[in-house]
Asks: 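A single structure is presented below for examination.
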Amino acid sequence: METPAPVQPDEKATTLTTLSQLLVSIEESTAVLRESLEKQLSTSSDDRDFSEIAASTLHLQFHADASVALHASKLRVACERLAQVATPPRHLVFEAAGSFYLTAALDITVKSDIATIIHTHSSQSGAEGVPVDVLAQESKLDSDLLARLMRHLAVFGIFQEISLNTFANTAASSTLVNNPEFRAHLDLVMHEGRAAIPFFPEIVSKRYSDAVPPPSAFFLYSNGQLFYDWLHSPSQTDRNANFNIAMRGMAHTEGLAFLPVDYPFHALPAEKVIVDVGGGIGSLPTILLPSLPDHSFIIQDLEPVVNQAIEGASLSLKRWMDQGRIRFLVQDCFTPQPPELDGAVFILKNMIHNYPDSRALAILSNLRKTNPYKLLVIDRLVIPQLKSNNNQSLTVPHGGPGSQRAATFYDLVMASLHGGKNRTLEDWRKLLEQGGFKLEKIYPLRASTGQAVIEASCS
């Protein structure tokens, strides 16, 4: 049996210093959040501004004010680090080893729409919770196993066991109630992600040993198809439909409703058309146009996506299309842009992370030839948790993305599905420079999972 080395005095001193710093940060941020809530309780709902309405719609208590949202991020970072300090090291590793059971439990409850069942029964009965036997009968699942997986989810704040084997929704599980778009987003991550992940170890090895390794783990799963080729194939109609719904859900998950105030789109010249490259079904202009009455958008994507977007356009999209403020255009991002778009504002939203640097540079090089007025990249910014920056990390680097849980896990999603990556600030600066652009400024998105608007100009 191994004999672990005793904890040294200097190690205890470091822990003491860390605890003191964390507690100071927690107390400061908690005070700000408390003051914000007290102010909200004393303010009339009739006096709400754009940010307050967006926060209310998304059920976010701390994000109407960007400075308060920053403290919410700082608080989470500090609490995560505090949990690491207080947890036995072996337990941290052991719990990580079993984290896939959390995904499996969530997948079952999402597909069975357990949150909506709880909401419906609670509303009808007036009771706070619903017995698991009722949930099991409604969802046609085993009651014992359902209770156990919901109990595991409750540890993470998803559902609450209010009495033995009786469950209620929490703020987290309530986001799933009557919300097919969010459930589709989760299903995309859990279905396609879990399909690829068994092949991930092979990719990690082949990227080292093979001169020309397969592009992604998903490529191995799909017998040689790239993700989007597979998605648009005739046999994957259902998964393609889920993907399009998921993209609308992602807009809410990432808090894109705050985009009009998190980045100064109103300062862009109205005569400069805004081109949403790979814009899918038009979720971005749907968010921005209500606050940009004089601007217009071109949404570019592949022909199957454009056809689906036009056929399924919402009433507001159809109205803007009739007004000439939105135009869909079939365009492959790896081919040169039409000459009439020279000098336009180009947006790459959640797109570059799909590709390795070589492919990403091909996209940027095509855009650079148009001499864009501005290039806006809306994507995740990974902030490595460096030992030398431990104290600084409490301040949330760049004033934006705090917790790196979603940013780093989504980095692995991009690697396994596409062979792409989420990038650090230095990665973005280098990639943009190689593509002929200069990184100008970072605008963090206050309610996202680590996203920012990365503003660049032609170098």
Asks: Where is the tightest heavy-atom contact between A407 and N422, given as atom of each residue plus distance?
Replies: O-ND2, 3.0 Å

Asks: Are there over 12 heavy-atom neighbours, none belonging to R207, within less than 6.0 Å of that residue's CZ?
Replies: no

Asks: Indicate whether the side chain of E138 and that of H121 have a donor and an acceptor atom separated by less than 3.5 Å.
Replies: yes

Asks: Centroid-to-centroid, Y228 to H418, below 6.0 Å?
Replies: yes

Asks: Just by modelled atom types, is the G157 backbone N or O under 3.5 Å from a matching donor or acceptor in the T170 side chain?
Replies: yes

Asks: Is it true that E80 and S403 share a donor-acceptor pair across their side chains at a distance under 3.5 Å?
Replies: yes

Asks: According to ring-ring contact (aromatic ring centres under 6.0 Å, His included), who are the partners of F50, at least two apart in sequence or on a separate chain?
Replies: none

Asks: For P214 and F219, which heavy atoms make the closest approach, and how far apart are they?
Replies: CB-CD2, 4.0 Å

Asks: Sub-3.5 Å donor-acceptor pair from the side chain of S163 to the main-chain atoms of T166, do we have one?
Replies: no

Asks: Please check if any side-chain donor atom of R81 sits under 3.5 Å from a side-chain acceptor atom of T18, or the reverse.
Replies: no

Asks: Ignoring hydrogens and angles, state whether a donor on the side chain of T424 or D427 is under 3.5 Å from an acceptor on the partner side chain.
Replies: yes

Asks: Is it true that the side chains of Q308 and N244 contain a donor and an acceptor less than 3.5 Å apart?
Replies: yes

Asks: Would you please say whether a donor-acceptor pair under 3.5 Å links the side chains of N240 and T237?
Replies: no

Asks: How would you list, by chain and number, every residue that makes a ring-ring contact (aromatic ring centres under 6.0 Å, His included) with F218, sequence neighbours excluded?
Replies: Y221, F227, W230

Asks: Between S67 and D65, does any side-chain donor sit less than 3.5 Å from a side-chain acceptor?
Replies: yes

Asks: Enumerate the residue pairs fulfilling side chain to side chain donor-acceptor pair (under 3.5 Å) with a member in residues 122-132, sequence neighbours excluded, ordered by first and then second residue.
Replies: none

Asks: Considering non-hydrogen atoms only, spot the tightest contact between D301 and V306 and give its length.
Replies: O-CG2, 3.5 Å

Asks: Hey, does the side chain of S99 reach the backbone of A96 with a donor-acceptor pair shorter than 3.5 angstrom?
Replies: yes

Asks: With sequence neighbours excluded, tell me which residues meet side-chain contact (heavy atoms from CB on, under 4.5 Å) with L41.
Replies: none

Asks: What closest approach, in Å, do I245 and A184 show between heavy atoms, and which atom pair accounts for it?
Replies: CG2-CB, 3.6 Å

Asks: My understanding is that only residues two or more places apart in sequence, or in another chain, count here; which of them pass ring-ring contact (aromatic ring centres under 6.0 Å, His included) with F199?
Replies: none

Asks: Between V32 and V68, which heavy-atom pair has the shortest distance, and what is it?
Replies: CG1-CG2, 4.2 Å

Asks: Verify the distance criterion only: is there a donor paired with an acceptor across the side chains of S36 and Q40 at less than 3.5 Å?
Replies: yes

Asks: Taking R183 for the side chain and L176 for the main chain, is one N or O donor matched with an acceptor at less than 3.5 Å?
Replies: yes

Asks: Quick check on Y101: does its OH atom have over 12 non-hydrogen neighbours (other residues, nucleotides or ligands) under 6.0 Å away?
Replies: no

Asks: Regarding T103 and R194, do their side chains bring together a donor and an acceptor under 3.5 Å, going by distance alone?
Replies: no

Asks: Between D229 (side chain only) and Q225 (backbone N and O only), is there a donor and an acceptor less than 3.5 Å apart?
Replies: no

Asks: If we only count heavy atoms from C-beta on, is the F297 to L288 side-chain gap below 4.5 Å?
Replies: yes

Asks: Where do I117 and S139 come nearest, in terms of heavy atoms and distance?
Replies: CD1-CB, 4.3 Å

Asks: Would Q451 and N350 count as a side-chain hydrogen bond (donor to acceptor under 3.5 Å, both in side chains) here? Give the steps.
Replies: CA-CA 9 Å; Q451 294 207 13; N350 293 326; 2.8 Å; yes

Asks: Residues in ring-ring contact (aromatic ring centres under 6.0 Å, His included) with Y263, at least two apart?
Replies: F265, Y443

Asks: Between S448 and P444, is there a donor-acceptor pair closer than 3.5 Å when you use the side chain of the first and the backbone of the second?
Replies: no

